[in-house]
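Notes to accompany the following structure.
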Amino acid sequence: TLAQKAGLKYFGSASDIVDVDALDGTYASILSDRREFGAVTPANGMKWFAIEPSPGVFNFSYGDVVADYAARNKQYLRCHTLVWHSQLPPWVENTNWTKQTLTAVIVRHITHTVTHYKNRCYAWDVVNEALNEDGTFRNSTFYNILGSSFLSLAFRTAHAADPRAKLYYNDYNLEKPSPKSHAVINKIVKPLLRAGVPIYGVGMQAHLKGYNRPSRGEMVDVMRAYGGLGVEVGVTELDVRILLPSTPEKMAEQSTAYADITSACVEVQACIGITVWDFWDPVSWVPGVFPGEGDATLYYANFTRHPAYEGVVGAL
Ligand code: XIL
């Protein structure tokens, strides 16, 4: 509610709902409360491994749980993600593709998936994490076979299947000026726009560290730089991890980080919304992937709120 009053389209959350009836009652009551969250993103359910586990065999049930949940609760749906080097089904990585066969497989995957969710996704993260930190393209099945042309292929194919979905390039460590943020501008957004490819937005994942975070000014600068190209900007996967154990000082730093990115987004016209990468510590991906770090979300295990919740409120 406050985010919308501040001019954003939504403040949302990712969730990995598999079985709605099994959701913790308190968790569900917060996630479905539109005063708290105006958008949801499936944390895993629309990834390639889930949707096309074997070649040409499509299963939308996992992604549908979150899509249906959003519809029922009248929340925006951010759809995530079509072409990503990670969480692929093994057959995509283990086949010896030619340019032609890989192109056909990408087109089939995107066309089936985007058509299934047509008119339901506010946005699609079409390509996820195609860049290295130094601004070069990441080696992946897609890049190795097709070069950077896999991006235009993916965006064009997605647009053909759902012309109204806003098509995003999404990546991490885009929250301050760096070789990677410059590559988003100069190697992805500008060339695609120049070639008439329908790219509509840049997703800044914003998996931040409370102890080493971009400044508010840096975040404003990059948001303006992306927006200056004529695309919108979303904060798509916000969380702020700390080195465990937690202390009041670390929670205060975390609160500042959440507040800074929120107020940066409010300040920059191009920034249209913020999504946290889940809102409850027990289901956050952080402890599993960054050993020794955690407490990255807005709610503790017992559903009391981190100071960062008030940080966000104060920034709106
Ligand atoms: C994460 C999920 O949250 C985890 O459950 C899963 O095990 C791994 O992926 N960048 C992304 C997201 O774009 O899709 C990732 O989500 C987190 C990093």
Side-chain angles (χ1 to χ4, degrees), residues 12-19 22-24 27 31 37 39-53 62-63 65-67 69-70 77-90 92-93 109-110 113 117 121-133 137-138 140-143 150-151 154 158 166-175 180-181 184 188 201-209 213 233-241 257 261 273-291 293-299:
S13 180
S15 188
D16 200 18
I17 308 170
V18 181
D19 172 1
L23 280 182
D24 178 283
Y27 179 90
L31 182 63
F37 295 115
V40 289
T41 302
N44 287 300
M46 294 184 186
K47 291 173 178 173
W48 198 319
F49 80 92
I51 282 186
E52 195 185 1
Y62 191 8
V65 179
V66 170
Y69 191 86
L77 178 65
R78 281 199 92 263
C79 294
H80 174 85
T81 178
L82 295 168
V83 178
W84 186 28
H85 68 278
S86 186
Q87 291 184 286
L88 286 167
V92 173
E93 283 174 296
H109 179 73
I110 294 180
T113 305
Y117 292 109
C121 304
Y122 167 74
W124 259 111
D125 291 330
V126 175
V127 174
N128 201 27
E129 301 180 354
L131 292 169
N132 294 313
E133 295 309 297
F137 281 103
R138 179 195 292 273
S140 69
T141 303
F142 308 110
Y143 184 73
F150 82 87
L151 286 105
K166 303 201 181 332
L167 306 183
Y168 273 59
Y169 176 72
N170 193 55
D171 210 329
Y172 60 94
N173 288 348
L174 302 188
E175 297 80 31
K180 199 176 190 180
S181 76
V184 167
I188 295 185
V202 170
M204 306 168 49
Q205 291 185 6
H207 293 294
L208 304 180
K209 299 186 279 253
R213 57 183 191 275
V233 174
V235 175
T236 53
E237 306 187 12
L238 176 59
D239 51 24
V240 183
R241 57 190 189 266
I261 195 161
I274 299 173
T275 300
V276 292
W277 205 245
D278 228 310
F279 63 92
W280 190 39
D281 288 338
V283 293
S284 168
W285 73 304
V286 166
V289 176
F290 305 99
E293 301 186 75
D295 286 8
T297 78
L298 296 171
Y299 286 81

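Just follow the structure's listing: the first ligand is 1, and inside any ligand the first atom is 1.
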Identify the protein atoms, limited to N or O, that lie within less than 3.5 Å of an N or O atom of ligand 1, and list each pair with its distance to 0.1 Å.
from     : atom 1 : to     : atom 2 : distance (Å)
ligand 1 : 3 (O)  : Trp277 : NE1    : 2.9
ligand 1 : 5 (O)  : Asn44  : ND2    : 2.9
ligand 1 : 9 (O)  : Lys47  : NZ     : 3.2
ligand 1 : 9 (O)  : Gln87  : OE1    : 3.2
ligand 1 : 10 (N) : Glu129 : OE2    : 3.3
ligand 1 : 10 (N) : Gln205 : OE1    : 3.4
ligand 1 : 10 (N) : Glu237 : OE1    : 3.0
ligand 1 : 13 (O) : His80  : NE2    : 3.3
ligand 1 : 13 (O) : Asn128 : ND2    : 2.9
ligand 1 : 13 (O) : Gln205 : NE2    : 3.3
ligand 1 : 13 (O) : Glu237 : OE1    : 3.2
ligand 1 : 13 (O) : Glu237 : OE2    : 2.8
ligand 1 : 14 (O) : Lys47  : NZ     : 2.7
ligand 1 : 14 (O) : His80  : NE2    : 2.7
ligand 1 : 16 (O) : Lys47  : NZ     : 3.2
ligand 1 : 16 (O) : Trp277 : NE1    : 3.2

Ignoring hydrogens and angles, tell me if any N or O in the side chain of [X] forms a donor-acceptor pair with the backbone of [Y] under 3.5 Å.
X      : Y      : value
Thr41  : Ala14  : no
Thr81  : Asp125 : yes
Gln205 : Glu237 : no
Arg138 : Glu129 : yes

### Query
When the aromatic ring centroids of Trp124 and His80 are compared, is their separation below 6.0 Å?
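No.
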
### Query
Going by atom types alone, do Tyr172 and Asn128 pair a side-chain donor with an acceptor below 3.5 Å?
no

